[in-house]
There are 4 protein chains.
Amino acid sequence: MTSAKNYEFINSVLPQWLETSRLQTVHGSTAAYIPELAKAPQEALGIHIMCGNGEHVSAGDCGHVFTLQSISKVFTLILALMDHGEEAIFAKVGMEPTGDDFNSMLKLELVRPGIPFNPFINAGAITISSLIVGDGPEEKSARILEFFRRLAGSDTLDYNMDVYHSESETGHRNRSLAYFLLDNGVLGGSSVEDVLEVYFRHCAIEVTCADLARMGLILAFDGKDPLTGDTLIPRRYVQIAKTFMITCGMYNASGEFAIQAGLPAKSGVSGGILTLVPGQYGIGVVGPALNSKGNSIAGVHLLERLSQELDWSIF
Amino acid sequence: MTSAKNYEFINSVLPQWLETSRLQTVHGSTAAYIPELAKAPQEALGIHIMCGNGEHVSAGDCGHVFTLQSISKVFTLILALMDHGEEAIFAKVGMEPTGDDFNSMLKLELVRPGIPFNPFINAGAITISSLIVGDGPEEKSARILEFFRRLAGSDTLDYNMDVYHSESETGHRNRSLAYFLLDNGVLGGSSVEDVLEVYFRHCAIEVTCADLARMGLILAFDGKDPLTGDTLIPRRYVQIAKTFMITCGMYNASGEFAIQAGLPAKSGVSGGILTLVPGQYGIGVVGPALNSKGNSIAGVHLLERLSQELDWSIF
Amino acid sequence: MTSAKNYEFINSVLPQWLETSRLQTVHGSTAAYIPELAKAPQEALGIHIMCGNGEHVSAGDCGHVFTLQSISKVFTLILALMDHGEEAIFAKVGMEPTGDDFNSMLKLELVRPGIPFNPFINAGAITISSLIVGDGPEEKSARILEFFRRLAGSDTLDYNMDVYHSESETGHRNRSLAYFLLDNGVLGGSSVEDVLEVYFRHCAIEVTCADLARMGLILAFDGKDPLTGDTLIPRRYVQIAKTFMITCGMYNASGEFAIQAGLPAKSGVSGGILTLVPGQYGIGVVGPALNSKGNSIAGVHLLERLSQELDWSIF
Amino acid sequence: MTSAKNYEFINSVLPQWLETSRLQTVHGSTAAYIPELAKAPQEALGIHIMCGNGEHVSAGDCGHVFTLQSISKVFTLILALMDHGEEAIFAKVGMEPTGDDFNSMLKLELVRPGIPFNPFINAGAITISSLIVGDGPEEKSARILEFFRRLAGSDTLDYNMDVYHSESETGHRNRSLAYFLLDNGVLGGSSVEDVLEVYFRHCAIEVTCADLARMGLILAFDGKDPLTGDTLIPRRYVQIAKTFMITCGMYNASGEFAIQAGLPAKSGVSGGILTLVPGQYGIGVVGPALNSKGNSIAGVHLLERLSQELDWSIF
């Protein structure tokens, strides 16, 4: 099937497939640990698929606004790579999936050297936040927000300050991780609270499925925005990001998503998933009801079906 | 660069690049735990690259004969999938990378249900061995050998019985794993010694780089032998195998190899690496000196250079 | 209160206290993993307290016959110490409590050198079984049975062969532990099956509360049988055993029993507990309903009350 | 040997035995993680043994002044028990030894409920610090200091503020532990920095061997000061403290010390050890060179010899 035919086919089946996947939401539950996230509508499900020519198809609750949460880790990693290059980043963060929960501290204690195994577990993403260039947390955060706005092609992308404050006040497990990293010498000269301010802020940037799809489109076209022709990210850093999205992007269900969907993807506890079909589509999904691994239960269901029916797997 | 031009280029640079990578062997050491493996030449390095039209280029110690060891796990997984289908296999073995050593038992004890995280760690591969159809270990082993011979296009592929006996006599950590699996109800009705006989046997099948390249070529062409036109493996099972080769193929350095080379690959402690460039090449490498993660130190060096210079990464 | 007064007091209150503790049995359950153990009466509770002058008081289901299970570990440790001395034993088994489950393998993998942390976890007790002097499992087992008979003052102490066969056939987790130990070089020249035969046999020796009390009395009097005047165990080895009984005797509830009862004790999954009041009493208890840590729920309840009311704690 | 004869004997041999044990200091090293501790004299060794009648014998570097560090945990536990009673304390802190390093976080993550296993590992002692009654860290700290002064019979006991500031500035692993505890709901309403101020302060109280011996004497006489007749601690809380000193007092070498010396003891990374012979002696030892488990290498050597020669083991 050509890409154009694919597009037509998707357009025709998407609404119905989405409703089928929406039935999965009864088996999941919204993230309980932040009141702001717990309030999200349990049965919501939305998807937005954007082509290289700017056309798009969407279905379901695409108006739902949510925070990036862990999805932001893809782009802070890229910004840190653009700031420092590969060597400096991989001196502080490893490249291996862990098989453990995203906030686990086991391997920090058990495996020498005590650096985070990869940039997508919390310990790794906090380390990446400490590496963003900038004079203090405000400037670092401003650079991140500016970068995310450019990728999403939206000047209005901004923080949800309620979520930010909520996470900052209750994020003690992340503080625990950060002090462990500080003790292991991983955080450089930054203070824990400064690093966490940067971290909690980029997690609290608010988006829609369309924003995710637009950001994913940049990755699908190797860092070059197909709509403007601008190169926003060096291709090598897109390659690195996509690799991590396959090996570590869906928490400790990444291996299963790679087998079942075969697409680079990154999920967040808000129920968002950013994924892409290389050279074809950027895709944003949201479905706040999560499965036991912390991924949108209906979103995963819908993406696996799409990938299998349309033969999207990169493998 | 076209595939043909690539081929010429590879032909011209390979001997020199191989010698550069061979220098890495001083930093590695041969597998110590089996006398037969420890005897392998420390400084050996060979590579064989096979195209879809049957042409090939090779360099270095391609005459070196070695046992498949963990590389066999790719093909026993495929055979088990062909025997039982996905659902039955993934009821017994998971899909997630672990971040732990290949013979680790931590997650079997700590994570419910106590099934192996993936089919490439030892616990998973032993489970797969128990799932091969056949009446007793002889018949199972015969089916495996027959399948491997067909993939390698070689009727003479056979066991190195010295290595088999050596591993069978000293493989007590694998016995420990197998009894743990039996206790967790993962091994079905098979006895541990029967399962291990199958497992140790397929690990001890002897090959050259050319054999590996030939087997890799089948995977590079989605299960259809490009030289004969025969479909030897259903495409879906090749897809599954290639996905695991990216996420778990190089022990707990799989993530790094995915970032640095970006190719589906599987290594063994004999120093062998089987890899492939989808739609283009099957590749076999051998270099018995291993790095700290158990992969051929010079083989990894050479493959990463080739992939980076020739832009082979699938990402 | 003098010991004589204590004795009278115990005699008067014991039947009533036992009935009170028996009520706890509804909150426990018999060991499920061996059919023979699961068949034990859920609500049974018996106790036998023996003085240095041979008098005794008993209450409840003292006729209940049960297997020693882990209680045997106290006396195989002592026999191994008598066979080899401290230095040889502690080269193979450590002295530290673990905080982990009795059949855990975590520390064998994580902590160097990979020897068992103490002689009362399964890994340690299996190692001790391998160290008993004797030509093959039959002779080792015969020496153990003979030693246990001498301590219990009973020529008729013998195996429950049903339990032995049941454990031998299903004890795959112990086989897993034993092969791990073999791989770590801890088992010397013994084969796993030979070691496990010794281990399963001494676990399956059948006793009553009176037998336990008699064996405990020897420990209470520092190895010298107060009834015969015979020294059956060197005092130093009794000291070692009593120390382990405080730090590791009640699985990973040993710390709590030390705080609440303060007596050297060893429990088994058959619901037996052997304990002692130094210089005063040997005590045997049985109550097959176990709590979540694997100790007799009613037995622990009764012993804690006795110890608190009679001020038996050694601390 | 009577206590009086013991005393004479100790007096005669102590100087020579101390010099023999001092030779062990070459195999140890002072705590490296705090500059103030690292500066302590490597070869120092001192001991002070105090009798119930006020007589004492001492040898070696008894003038050496050092901070209590983990030794303080014995007495903050007792104060917290006096403040709240057993039930409230053991709702927040367990009773089990761990087998892990004193600053390990493994069991907090792996074992439900995520409360510290015992009050002597750092996680447990930090929890205990949070439970001391008082309006803010100053008042809590003042109550602790006042209690310690009363036990040591010294109005001049005070903080080493250099050590306090040094630990407070560099104690990020303890901050990590404290935030983990906060996240697990263990710290109640206290802020991490308030709790750590209390914790770091009592660790930095400065003593001599004579002070330790005086404090140990109170424990040796069940909470009643034998010199004044005043009851300073309820006997039950002394019993609890002594039990923990046996099972957890010497880090993850507690089991070994129980086997080899058999005395309730608590060590600190400053090289101090407080121990006691029930009904007879309070003992303070200092030797800053530590073994691999964090205990004074020469101090342990000397105490084991004394205990073995004088038959001090409580077992």
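Letters A, B, ... mirror the listed sequences (proteins, then strands); counts begin at 1.
- When the heavy atoms of residues 233-242 of chain C are compared with those of chain D, the residues falling under 4.5 Å are C:R235, C:R236, C:Q239, C:I240, C:K242, listed by number.
- Residues of residues 94-113 of chain D that come closer than 4.5 Å to chain C, counting heavy atoms only, are D:M95, D:E96, D:P97, D:T98, D:G99, D:D100, D:K107, ordered by residue number.
- Within residues 244-256 of chain D, the residues approaching chain C closer than 4.5 Å by heavy atoms are, in numerical order, D:F244, D:I246, D:T247, D:N252, D:A253, D:S254, D:G255, D:E256.
- When the candidates D:G262, D:P278, D:P264, D:A258 are compared by the number of heavy-atom contacts under 4.5 Å with chain C, D:A258 comes out ahead.
- Atom NZ of D:K293 has more than 12 neighbouring heavy atoms from other residues, nucleotides or ligands inside a 6.0 Å radius.
- Judged as a ring-ring contact (aromatic ring centres under 6.0 Å, His included), the pairs with a partner in residues 290-315 of chain C (not counting sequence neighbours) are, in order, C:Y281-C:W312.
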